[in-house]
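This report refers to the structure that appears directly beneath it.
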Amino acid sequence: MFYITSTDGVKIAVYDYCPHGKQTVLFLHGWPLSHQIFEYQVNLLTNCGYRVITVDLRGFGRSDTPACGYSYDQMSIDLFQIVRRLRLKNFILVGFSMGGAIALRYMNRYNGLGVCRLILLSAAAPCFTQRPGFPYGKTMQEVNDLICLAETDRPLLCQNFSRQLLACPHSDAVVDWFRSIALSASGIGTIKCAISLRDEDCRKDLPCVHVPTYIIHGAQDVIVSNELAELQHKCICGSRLITLSDSGHGIMYDQLEKFNAIFMNAISNSAPSEK
């Protein structure tokens, strides 16, 4: 693990596995988690000879926790600093949940610099919340309630969230693992990014994607609705939507073996088009 300093002086924790691998895959995690959620994909990819880079977004994991700077614009700037510093080219960008929205903002703001393929996992886009002309996603009040809980009882928020992630039966230990990752986040990052989830609008970002794109979504997702995945598919030209019928929001773990098979096909550019 090492740090890359962003434009506002914030240090972003970066993890670079197998730096001389055959191709680079860069992961962005979601709210309120960290790079640790990709453990079972990092191991798989490195065993197959890929270079894997994971990141702790600002306010999460081992990254700095500033008082501000949690907009999608700033977090896409953070990503650009990583791409520039590591001189990444022809890499596969993977974004989970809020990380998917940040990936889309990067594709817009930097014209997808260096990205040869985009993989969106349970992406919280184009808008996480409902607004005039956009009747999809959570209500503003639902997210305000999450923010209030983060401000008053963050351990309960993390417990509730970890229980909502998975649709398939899993051990208590697995649920506790996700809860512990969520607890490792800063309170500031948890609150500020929830505000961004509530307020950000990525509708203009979707048409800016001009690389092969794979959208992998869980049909049982109670955090990011199926309608949002359908909108991503509709607005990203040539994208492929793959739905896991028994998975929830925690798409990278819920049906682990099935997901990893689909994910590796997407990495190698041979995933089937399914809805």
Going from CG on D221 to CG on L166, what distance comes out if it is rounded to the nearest 0.5 angstrom? 10.5 Å
Give a yes or no on this: more than 12 heavy atoms of other residues, nucleotides or ligands lie within 6.0 Å of atom CG of D172. no
Is the closest side-chain donor-acceptor distance between Q74 and D78 under 3.5 Å? yes
Check whether any side-chain heavy atom of R131 sits under 4.5 Å from a side-chain heavy atom of T129, and report yes or no. yes
Any heavy-atom pair between the side chains of T5 and I12 that's under 4.5 Å? no
Please name all residues satisfying salt bridge (Lys or Arg N to Asp or Glu O under 4.0 Å) with D205, sequence neighbours left out, ordered by chain then number. R105
Measuring only between side-chain heavy atoms, which start at C-beta, is Q159 closer than 4.5 Å to V175? no
Compute the ring centroids of W31 and F60, then answer whether they are less than 6.0 Å apart. no
Got a second to check how far Q36's CD is from I181's CD1, nearest 0.5 Å? 5.0 Å
Set of residues satisfying side chain to side chain contact (heavy atoms under 4.5 Å, CB included) with respect to I195, sequence neighbours excluded: I147, I191, R198, D199
Checking the side chain of T46 only, and the main-chain atoms of N43 only, is there a donor and an acceptor separated by less than 3.5 Å? yes
Between S225 and E227, does any side-chain donor sit less than 3.5 Å from a side-chain acceptor? yes
Please list, chain by chain and in numerical order, all residues satisfying salt bridge (Lys or Arg N to Asp or Glu O under 4.0 Å) with D16, sequence neighbours excluded. R51
Spell out, as yes or no, whether a donor-acceptor pair under 3.5 Å connects the side chain of Y40 to the backbone of N260. no
Can you confirm whether Y106 sits close enough to I77 that some side-chain heavy atom of one is under 4.5 Å from a side-chain heavy atom of the other? no
Are any side-chain N or O atoms of S63 and backbone N or O atoms of G59, one a donor and one an acceptor, separated by less than 3.5 Å? no
Using ring centroids (six-membered ring only for Trp), state whether Y214 and H233 fall under 6.0 Å. no
Suppose we screen for salt bridge (Lys or Arg N to Asp or Glu O under 4.0 Å). Which residues come up paired with R203, at least two apart in sequence or across chains? D201
With rounding to the nearest 0.5 angstrom, report the CG to OG distance, L33 to S184. 8.0 Å
Would you check if the side chain of S268 reaches a backbone N or O of A266 as a donor-acceptor pair within less than 3.5 Å? no
Atom pair CD1 (I37) and CD1 (I251), whose distance is rounded to the nearest 0.5 Å: 12.0 Å
Pairwise side-chain contact, R240 with I215, heavy-atom cut-off 4.5 Å (strictly under): no
Distance in Å, I267 CD1 paired with I262 CD1, rounded so as to fall on 0.5 Å steps: 13.0 Å
Holding to side-chain hydrogen bond (donor to acceptor under 3.5 Å, both in side chains), I want the full list of residues that pass it with R84, two or more places apart in sequence or in another chain. Q81
Are D145 and Q141 close enough that a side-chain donor and a side-chain acceptor fall under 3.5 Å? yes
Residues in side-chain hydrogen bond (donor to acceptor under 3.5 Å, both in side chains) with D56, at least two apart? Y15, H35
Tell me, please, which residues at least two apart from H217 pass ring pair (Phe, Tyr, Trp, His ring centres under 6.0 Å). none
Is there a side-chain contact between F134 and P126 in this structure, where contact means two heavy atoms from C-beta onward sitting under 4.5 Å apart? yes
side-chain hydrogen bond (donor to acceptor under 3.5 Å, both in side chains) filter on H170, not counting sequence neighbours, yields D254
Indicate yes or no for a side-chain donor-acceptor contact from S97 to the backbone of G99 under 3.5 Å, with no hydrogens or angles considered. no
Verify the cluster assignment for I119 and I82: are they in a single hydrophobic cluster under the rule of side-chain heavy atoms below 4.5 Å apart? yes
Donor-acceptor contact present, side-chain S196 to main-chain Y70, <3.5 Å: yes
Show me, pair by pair, the donor-acceptor contacts under 3.5 angstrom made by side chains of residues 17-30, not counting sequence neighbours?
residue	atom	partner	partner atom	Å
K22	NZ	C48	O	3.1
Q23	NE2	N90	O	3.2
H29	NE2	L57	N	3.0

Can you list the residues that meet the side chain to side chain contact (heavy atoms under 4.5 Å, CB included) rule with S180, with sequence neighbours excluded? W177
Would you mind reporting whether K138 and Q130 have side-chain heavy atoms less than 4.5 Å apart? no
Can you tell if the side chain of C193 reaches within under 4.5 Å of the side chain of M75, non-hydrogen atoms only? yes
Tell me whether the count of non-hydrogen atoms from other residues, nucleotides or ligands lying under 6.0 Å of CZ in R62 goes above 12. no
Under 3.5 Å donor-acceptor, E200 side chain and C127 backbone: no
Got a sec, which residues hit side-chain hydrogen bond (donor to acceptor under 3.5 Å, both in side chains) with R163, two or more places apart in sequence or on another chain? none
Can you measure from CZ (F91) to CZ (R117) and round to the nearest 0.5 angstrom? 12.5 Å
Q220-D246 side chain donor-acceptor pair, cut-off 3.5 Å: no
In chain order, what residues pass the salt bridge (Lys or Arg N to Asp or Glu O under 4.0 Å) check against R179, with sequence neighbours excluded? D176
